[in-house]
Amino acid sequence: MDYERLTEAYSAMEQTRSRLELATLLAGLFRDTPPEELAAVAYLCLGKLGPAYDSREVGLSDKSVLRTLALASGTPLDNLQANYAKAGDIGLVAEEALAAKSQQPLFGSPLTVSRVWERLHALSLETGSGSQERKFRALAELLHDGTPQDARYLCRTAVGKLRLGFSQMLLVDGLAEAFGSREERSMVEAAYNRHPDIGWLAQRTAADFSSLADVRTTPGIPLRPMLGERLSSAEAVLEKHDGESAFEWKYDGLRVQAHLLKGGTRLFSRSLEDLTPQFPDVVDALEQALPTGVIVEGEALAIDEAGNLLPFQVIAKRRGRKHGLAEKLEEIPVGVRLFDLLYANGQETLDTAFTERREQLETLFTPSDRVACTTLLRTTNAAEAEQSLLDALEGGCEGLMSKALNGSYRAGARGWQWIKYKPDYRSDLADTIDAVVVGGFHGRGRRGGFWGALLMATRTPTGFETVCKLGSGFSDEDLATLKQRLDPIQRTGPPAGLKWKLEPDAWFEPELVLELLGAEISQSPIHTCGGGYAVRFPRYKRQRDDKTPETATESDEVIALYKI
Ligand code: ATP
């Protein structure tokens with residue numbers, strides 16, 4: 001097929017915003033495309049050379065494309081550079097330059113989709129000395145044989161900025177319309193969720209539409225991940241899950257989908273990017289814990305010297321870019337907390353109930369200090385779930401993920417079978433509270449050796465009343481400074497004038513004021529503020545060294561917030 005047929009479609013698609021119209025344009029394009037070029041057309045519509053987990057790129061810089069254009073069009077490089085600075089779009093500069101070319105080519109080979117595809121592919125593999133020069137010549141050849149409109153899209157594709165502004169899901173719409181019907185879109189999408197390779201899908205859809213129903217997970221090809229909805233009360237979560245749910249700690253790491261295969265393990269990110277080369281230690285940890293022939297999902301975290309889990313991103317960010325991370329990570333061990341099993345014993349397990357998948361996962365792997373399953377509490381009781389949330393917050397997590405017991409793994413879908421359960425700080429309490437530290441609880445795990453949670457109090461005209469146990473929102477640095485501040489002011493018993501019920505591990509002189517944010521004020525049997533009120537899900541904001549206990553928030557102010 002002529003490349004021009006594709007660039008005409010690009011151009012028409014650039015001029016419409018309507019999803020339905022875009023899908024129809026795509027469907028027309030797909031129907032016109034011969035089977036052997038369908039995969040290439042599908043990838044090229046996204047400006048890609050393969051599926052998301054194939055990182056190949058043409059990899060030409062704007063600068064080299066401008067140089068190529070100067071050669072192909074005879075326009076001085078300075079002019080092109082000035083136009084580019086003005087237009088900001090390499091495609092428009094290319095189109096204009098080639099349209100202005102005085103002589104159109106006399107000889108040339110036809111510019112077909114296959115030729116463009118093969119050339120771009122070959123370019124993506126070019127590395128090493130002289131590679132820029134070779135890329136440069138190959139692009140010039142294509143530009144020579146194409147129309148000015150072809151040049152617009154060729155140059156955009158070459159620099160990785162095709163940007164037609166639609167997603168793979170729109171291609172799914174187009175494929176359904178081209179080879180089946182709009183009504184059958186969900187079947188195409190289900191196949192895509194299990195095998196998110198748009199080129200492969202295009203070919204299969206065209207060749208045998210009804211066989212899409214048989215598409216299953218293929219080891220080595222990542223599935224689109226399942227996603228959750230969000231709620232901020234345990235009662236609401238339990239109601240959604242018919243009275244009982246599995247509440248798991250929600251770790252703050254890097255989601256990995258690991259395919260343990262005979263030929264080697266492959267890791268994929270939430271957006272299906274291939275992470276394998278970047279994280280050899282995650283591969284290593286998983287290979288030691290799991291047999292081959294399985295696909296699992298988990299959260300990768302870094303482990304510090306004391307064996308505590310740290311957010312993976314901390315290291316990923318601190319170390320900077322993707323490249324070079326592998327060497328750096330060798331010094332810092334990683335752990336994985338597994339939460340799902342997607343494939344085992346030669347078949348996918350997506351339609352197996354969550355509890356069974358979890359059981360299977362637990363029997364499959366060998367626990368080690370680096371690999372474990374997520375902490376999980378199966379309960380019908382909202383108070384227990386809430387306690388688990390508090391433990392998770394104290395353990396450095398941002399909340400819980402609750403899973404419907406009978407839920408299947410719905411690849412690519414966001415639904416109520418998974419619910420993020422975390423405090424909603426945007427709700428009732430817009431104002432922060434400045435409370436006084438009166439007691440401390442020893443930290444465990446990652447917070448070992450520090451004060452893991454603090455007993456906080458508000459002020460009354462005659463003394464203090466406890467208002468919450470503050471165990472969340474501390475960075476490692478905060479924990480260290482708080483220890484330094486609090487250790488010297490420990491005392492043997494509760495401060496005079498303090499009303500309390502919850503006994504901490506240590507008491508402090510009421511000196512240090514901390515600002516905290518809560519999700520709401522609720523009645524509490526264990527706190528004494530206003531005769532039994534507390535801040536729910538308190539989160540540490542900062543030290544208020546400018547405040548003394550005498551200017552801390554009063555109990556009456558907290559009660560007023562409850563009544564709002
Ligand atoms: P989303 O993935 O829902 O679009 P997001 O990327 O912002 O949103 P969050 O809303 O914070 O992520 O929550 C989902 C993520 O939580 C998952 O993608 C996964 O990486 C992580 N996670 C941590 N612990 C668990 C767990 N026990 N079960 C499932 N996911 C978990």
Side-chain angles (χ1 to χ4, degrees), residues 52 167-169 193 196 222-232 234 237 240-241 245-258 267-273 275 278-279 282 286 295-303 309-317 334-342 349-350 353-355 357-362 365 367 371-379 385 388-389 391-405 407-426 445-446 472-473 537 539:
S167 70
Q168 317 185 2
M169 284 312 169
N193 286 338
L223 289 86
R224 296 187 67 229
M226 176 163 175
L227 305 170
E229 295 286 353
R230 188 186 156 168
L231 286 172
S232 54
V237 172
K240 281 273 181 211
H241 286 175
S245 187
F247 291 86
E248 292 180 29
W249 281 28
K250 181 176 179 304
Y251 300 85
D252 177 17
L254 178 79
R255 184 171 186 161
V256 286
Q257 191 184 107
L267 302 178
F268 300 101
S269 73
R270 182 184 177 293
S271 51
L272 310 183
E273 192 194 344
L275 298 172
Q278 288 174 55
F279 300 116
V282 177
L286 287 170
I295 303 178
V296 293
E297 254 195 331
E299 199 78 356
L301 297 129
I303 307 179
L309 298 173
L310 303 173
F312 202 94
Q313 279 89 342
V314 170
I315 294 173
K317 257 190 228 144
V334 294
V336 182
R337 293 295 171 263
L338 299 170
F339 56 75
D340 223 315
L341 176 73
L342 313 183
T349 53
L350 309 194
F354 168 72
T355 42
R357 297 203 306 276
R358 172 81 186 203
E359 254 169 49
Q360 241 181 307
L361 174 65
E362 283 175 17
F365 87 103
V371 180
C373 279
T374 50
T375 302
L376 179 150
L377 172 81
R378 183 173 161 169
T379 185
S388 174
L389 173 60
D391 292 345
L393 292 175
E394 205 172 308
C397 294
E398 54 161 333
L400 301 176
M401 269 301 223
S402 65
K403 317 250 167 112
L405 303 180
S408 55
Y409 187 96
R410 299 186 48 223
R414 187 184 294 282
W416 291 104
Q417 282 170 329
W418 280 17
I419 303 175
K420 287 175 252 181
Y421 164 38
K422 44 186 185 180
D424 186 358
Y425 293 103
R426 287 162 311 168
R446 179 181 167 188
S472 135
F537 305 123
R539 238 182 123 74

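Note that ligands are numbered from 1 as they come in the structure, with each ligand's atoms numbered from 1 the same way. What you see is a predicted model; the values in this text were computed from it and never measured.
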Q: Tell me, which protein residue and heavy-atom name are nearest atom 2 (O) of ligand 1, and how many Å apart are they?
A: Arg270 NE, 2.9 Å
Q: Side chain, backbone, both or neither: which part of Glu398 comes within less than 4.0 Å of ligand 1 when only heavy atoms are counted?
A: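 For Glu398, only side-chain atoms sit under 4.0 Å from ligand 1.
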Q: State, to 0.1 Å, how close Pro225 and Glu297 come at their nearest heavy-atom pair, and which atoms those are.
A: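 Smallest heavy-atom distance, with atoms named: CB-OE2, 3.9 Å.
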Q: Applying a strict 4.0 Å limit to heavy atoms, is Arg414 in contact with ligand 1?
A: yes
Q: Counting only non-hydrogen atoms of the protein, does one fall under 4.0 Å from atom 7 (O) of ligand 1?
A: no
Q: Among all protein heavy atoms in this structure, tell me which lies nearest to atom 19 (C) of ligand 1, with the distance rounded to 0.1 Å.
A: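 Going atom by atom, the protein heavy atom closest to atom 19 (C) of ligand 1 ends up being Glu299 OE1, 3.2 Å.
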Q: Under a 4.0 angstrom heavy-atom cut-off, which atoms of ligand 1 come close to Thr374?
A: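 Answer, ordered by atom number: 27 (N).
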Q: Give the residue and atom name of whichever protein heavy atom lies nearest to atom 27 (N) of ligand 1, and the separation in Å to one decimal.
A: Glu248 OE1, 2.8 Å
Q: Taking the side chain as everything from C-beta on, heavy atoms only, tell me whether Leu231 gets closer than 4.5 Å to Lys420.
A: no
Q: Could you tell me if any non-hydrogen atom of Lys403 lies under 4.0 Å from any atom of ligand 1?
A: yes
Q: First locate atom CD1 of Ile419, then atom CZ of Arg230, and finally report the distance between them rounded to the nearest 0.5 Å.
A: 12.0 Å
Q: Tell me: protein heavy atom nearest atom 13 (O) of ligand 1, and distance?
A: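 Among all protein heavy atoms, the one nearest atom 13 (O) of ligand 1 is Lys250 CE, 3.0 Å.
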Q: Looking at side-chain heavy atoms only, is the closest gap between Leu338 and Leu361 below 4.5 Å?
A: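 The answer is yes; the side chains approach within 4.5 Å.
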Q: At under 4.0 Å between heavy atoms, which part of Lys420 makes contact with ligand 1: side chain, backbone, both or neither?
A: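 Looking at Lys420 and ligand 1, just side chain atoms fall under 4.0 Å.
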Q: Look at atom 18 (O) of ligand 1 and say which protein heavy atom is nearest, naming residue and atom and giving the distance to 0.1 Å.
A: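 The closest heavy atom on the protein side is Arg255 NH1, 2.9 Å.
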Q: When you look for heavy atoms under 4.0 Å from ligand 1, do you find them on the side chain of Met401, its backbone, both, or neither?
A: side chain
Q: Heavy-atom distances under 4.0 Å are what count here, so tell me which part of Trp418 touches ligand 1: side chain, backbone, both or neither.
A: side chain
Q: Between the main-chain N or O of Lys403 and the side-chain N or O of Ser245, is there a donor-acceptor pair closer than 3.5 Å?
A: yes
Q: For residues Met226 and Gln417, determine if any side-chain heavy atom of one lies less than 4.5 Å from a side-chain heavy atom of the other.
A: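 In contact.
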Q: Report yes or no: does Gln360 contribute a side-chain atom to a donor-acceptor pair with the main-chain N or O of Leu341 at less than 3.5 Å?
A: no
Q: Does the side chain of Glu248 come within less than 4.5 Å of Leu400's, by heavy atoms?
A: no
Q: Evaluating non-hydrogen atoms only, which member of Tyr251, Phe339, Trp249 is closest to atom 30 (N) of ligand 1?
A: Phe339
Q: Answer with yes or no whether the side chains of Ser271 and Arg255 bring together a donor and an acceptor at under 3.5 Å.
A: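 Note: Arg255 and Ser271 side chains miss the donor-acceptor criterion.
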Q: Considering only heavy atoms from C-beta outward, does the side chain of Phe339 approach that of Glu299 to under 4.5 Å?
A: yes
Q: Select one of side chain, backbone, both or neither to describe which atoms of Arg230 lie under 4.0 Å from any atom of ligand 1, heavy atoms only.
A: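 Arg230 to ligand 1: no contact under 4.0 Å from either part.
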